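Scroll down for the structure; my scribbles are underneath it.
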Amino acid sequence: MSHKTPGHVESRPHPDPTTETKELAASPTLRRRRLARQLLKLRADKGSTVEAVAKEAKKRSPNRPWSAAKVTRIEGRKLQQLREVDLLTLLDIYGVTDSEERDAYVRLAKEASQSGWWVGYRDVLGSGAYIDLETEATRLRTYEALYVPGLLQTPGYAEAITRGSGVTDDHEVARRVEARMMRRQILERPDAPHLIALIDEAAVRKIPRAVLSDQLRHLIAMQRDHVQIRVVPDESGPHAAMSGSFVVMEFPNDPAVVYLEQSTSGLFLEDGQELEHYERVCRAVEDLALSADDSVAFLEENLARSR
């Protein structure tokens, strides 16, 4: 059986060596998802079980630790780094013999094991899984009930809500604000994602007065071709997103992901039915939200009252 290269199967864009920002923005998490999905497909096309693959891998490379659990971890993205020797063993088992295709898999595995800039902020960001994916999304649709979305926050607002959440150490506050400002840079890239930010009127009312003017001016200035800020007014009444904030992240060559932020962690949803649910929620809230122009007018009115 012949196989197409990972780059061809997923229409993976070739890296542009002249664009340093793109290189820095590569998402290891996204690469791991892609590699795992493609290896799972290779095994399924071969008609093999994880047990059969592990047994054959052990026969081909007796000095390497192979088990059905290991194959499952690889396909389930639980293995942080897939060694090249193990990857090549799997490709041998699956009958992938084309040199260019094998090289493409090796490159993908190497990219999946790299680290992004956010690793330096693990003390305040945790695993950084969300930011990792955010950097490579082509479209972000977010609904925020009580906060201004992170990509649209000013330093003053970010500091205020960080302190409001109970963080009092000045160094930690500064680190959190610095990381938040680093995230904003993706909106300035030549290949910036399209951001649709649905912000509940309650979130606007909750902007601390000390930073209100600056934050409102920033939201108004950020209304651009690739950034659409739309306010969900109180008068729209109950709506489909009242259960909580979420982000729908879309990628050029990979399935979408929904992110639900929780007080101490985050939840990623990838199931088809869950994605369809949040698609419907997005559309329902967009139907109730003010247009981009009317949202600017709303923000300008609030800015005038804040003076």
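Predicted model only: the values in this text are computed from it and were never measured.
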Legend entry - Lys/Arg N to Asp/Glu carboxylate O, K41 vs D45, below 4.0 Å: yes
Inset, instruction - Could you tell me which non-hydrogen atom of Q223 sits nearest to which non-hydrogen atom of S295, and how far apart they are? - result: NE2-CB, 4.5 Å
Legend entry - Close side-chain approach of F246 to L269, heavy-atom, < 4.5 Å: no
Inset, instruction - Please report the closest heavy-atom contact between S306 and S213, naming both atoms and the distance. - result: OG-OG, 3.2 Å
Inset, instruction - Determine the minimum heavy-atom distance between P193 and I186, stating which atoms define it. - result: CD-O, 3.5 Å
Inset, instruction - Measure the CG-CD distance between L219 and Q153 for me, rounded to the nearest 0.5 Å. - result: 9.5 Å
Inset, instruction - Can you establish whether the number of heavy atoms outside K110 located under 6.0 Å from its atom NZ is more than 12? - result: no
Inset, instruction - State whether the number of non-hydrogen atoms from other residues, nucleotides or ligands found under 6.0 Å of F268 atom CZ is greater than 12. - result: yes
Legend entry - Over all atoms of both residues, closest heavy-atom pair of D98 and E101: OD2-N, 2.9 Å
Inset, instruction - Side-chain contact test, heavy atoms from C-beta onward, threshold under 4.5 Å: evaluate it for L290 versus R230 and give yes or no. - result: no
Inset, instruction - Determine whether more than 12 heavy atoms belonging to other residues, nucleotides or ligands lie under 6.0 Å from atom CG of D225. - result: no
Legend entry - Beyond-backbone contact of R33 with F251, side-chain heavy atoms, under 4.5 angstrom: yes
Inset, instruction - Can you establish whether the number of heavy atoms outside R205 located under 6.0 Å from its atom CZ is more than 12? - result: yes
Legend entry - Nearest atoms (heavy-atom pairs only) where Q38 meets L108: NE2-CD2, 3.8 Å
Inset, instruction - Examine Y147 and V231 and state if one hydrophobic cluster contains both, with Ile, Leu, Val, Met, Phe, Trp and Tyr joined whenever side-chain heavy atoms are less than 4.5 Å apart. - result: yes
Legend entry - Flag side-chain contact, heavy atom, 4.5 Å: L288 against L198: no
Inset, instruction - Could you tell me whether R176 and E172 make a salt bridge, using a distance below 4.0 angstrom between a side-chain N and a carboxylate O? - result: yes
Legend entry - N-O pairing of R163 and E159 below 4.0 Å: yes
Legend entry - Reported NE2-to-CD1 distance for the pair H218 and I220, which is rounded to 0.5 angstrom: 11.5 Å
Inset, instruction - Run the salt-bridge test on D86 and R60 with the 4.0 Å N-O cut-off and return the result as yes or no. - result: no
Legend entry - Residue of the set Q228, E279, E286 for which side-chain hydrogen bond (donor to acceptor under 3.5 Å, both in side chains) holds with R141: E279
Inset, instruction - Take Y94 and V53, measure what side-chain contact (heavy atoms from CB on, under 4.5 Å) needs, and give me the verdict at the end. - result: CA-CA 9 Å; Y94 298 147; V53 169; 3.6 Å; yes
Inset, instruction - Determine whether Y130 and E261 make a side-chain contact, defined as any pair of heavy atoms from C-beta on separated by less than 4.5 Å. - result: no
Inset, instruction - Check whether I131 and V177 end up in the same hydrophobic cluster, where Ile, Leu, Val, Met, Phe, Trp and Tyr are linked by side-chain heavy atoms less than 4.5 Å apart. - result: no
Inset, instruction - Might you point out which heavy atoms bring L39 and E75 nearest each other, and give the distance in Å? - result: O-OE2, 4.2 Å
Legend entry - Electrostatic pair R31-D132, nearest N-O below 4.0 angstrom: no
Inset, instruction - Kindly say whether T154 contributes a backbone atom to a donor-acceptor pair with the side chain of Q215 at under 3.5 angstrom? - result: yes
Inset, instruction - Establish whether L146 and L212 are linked, either directly or via other cluster members, by ILVMFWY side-chain heavy-atom contacts under 4.5 Å. - result: yes
Inset, instruction - Return yes if some donor-acceptor pair links the side-chain N/O of S48 with the main-chain N/O of R43 below 3.5 Å, else return no. - result: no
Inset, instruction - Drop me the distance from L90's CG to K70's NZ, to the nearest 0.5 angstrom. - result: 8.0 Å
Legend entry - Criterion side-chain contact (heavy atoms from CB on, under 4.5 Å) on Y259 and L133, from CA distance to verdict: CA-CA 10 Å; Y259 177 73; L133 291 174; over 6 Å; no
Legend entry - Flag side-chain contact, heavy atom, 4.5 Å: L88 against V106: yes
Inset, instruction - Say whether, by atom type as modelled, one donor and one acceptor occur between the side chain of T142 and the main chain of A197 under 3.5 angstrom. - result: no
Legend entry - Approximate separation, where rounding is to 0.5 Å, of Y105 OH and L42 CG: 4.0 Å
Legend entry - Derivation of the ring-ring contact (aromatic ring centres under 6.0 Å, His included) call for H239 and Y143: CA-CA 12 Å; H239 56 74; Y143 166 74; 5.4 Å; yes
Legend entry - Interatomic distance, R83 atom CZ to T89 atom OG1 [nearest 0.5 angstrom]: 12.5 Å
Inset, instruction - Treat each ILVMFWY residue as a node, draw an edge where side-chain heavy atoms are under 4.5 Å apart, and state whether L267 and Y278 are in one component. - result: yes
Legend entry - Derivation and outcome, side-chain contact (heavy atoms from CB on, under 4.5 Å), residues V258 and H277: CA-CA 10 Å; V258 172; H277 168 74; over 6 Å; no
Legend entry - Side-chain (R180) to main-chain (A158) donor-acceptor, under 3.5 angstrom: no
Inset, instruction - Using a strict 4.0 Å threshold on nitrogen-to-oxygen distance, state whether R102 and E84 make a salt bridge. - result: no
Inset, instruction - Determine whether V167 and M181 fall in the same hydrophobic cluster, where Ile, Leu, Val, Met, Phe, Trp and Tyr are linked whenever their side-chain heavy atoms lie under 4.5 Å apart. - result: yes
Inset, instruction - Answer yes or no: is there a donor N or O on one side and an acceptor on the other, between the side chain of R189 and the main chain of T135, under 3.5 Å? - result: yes
Inset, instruction - Before accepting this row, confirm whether a basic side-chain N of the pair K59/E56 lies closer than 4.0 Å to the acidic partner's carboxylate O. - result: yes
Inset, instruction - Taking the side chain as every heavy atom from C-beta outward, state whether D234 and D200 have any atom pair closer than 4.5 Å. - result: yes
Legend entry - Inter-residue atom distance I93.CD1 - S61.OG, 0.5 Å rounding: 7.5 Å
Legend entry - Over 12 foreign heavy atoms within 6.0 Å of CD, Q273: no
Inset, instruction - Check whether any side-chain N or O of Y157 sits under 3.5 Å from a backbone N or O of V148 as a donor-acceptor pair, and report yes or no. - result: yes
Inset, instruction - Go through L187 and L152 one step at a time and tell me if the side-chain contact (heavy atoms from CB on, under 4.5 Å) criterion holds. - result: CA-CA 9 Å; L187 295 179; L152 300 172; 4.3 Å; yes
Legend entry - Under 3.5 Å donor-acceptor, R184 side chain and L151 backbone: no
Legend entry - Close side-chain approach of L195 and M222, heavy atoms under 4.5 Å: no
Inset, instruction - Check whether the side chains of S245 and E144 place a donor and an acceptor atom closer than 3.5 Å, and report yes or no. - result: yes
Legend entry - Pair E270 + R77: basic N to acidic O under 4.0 Å: yes
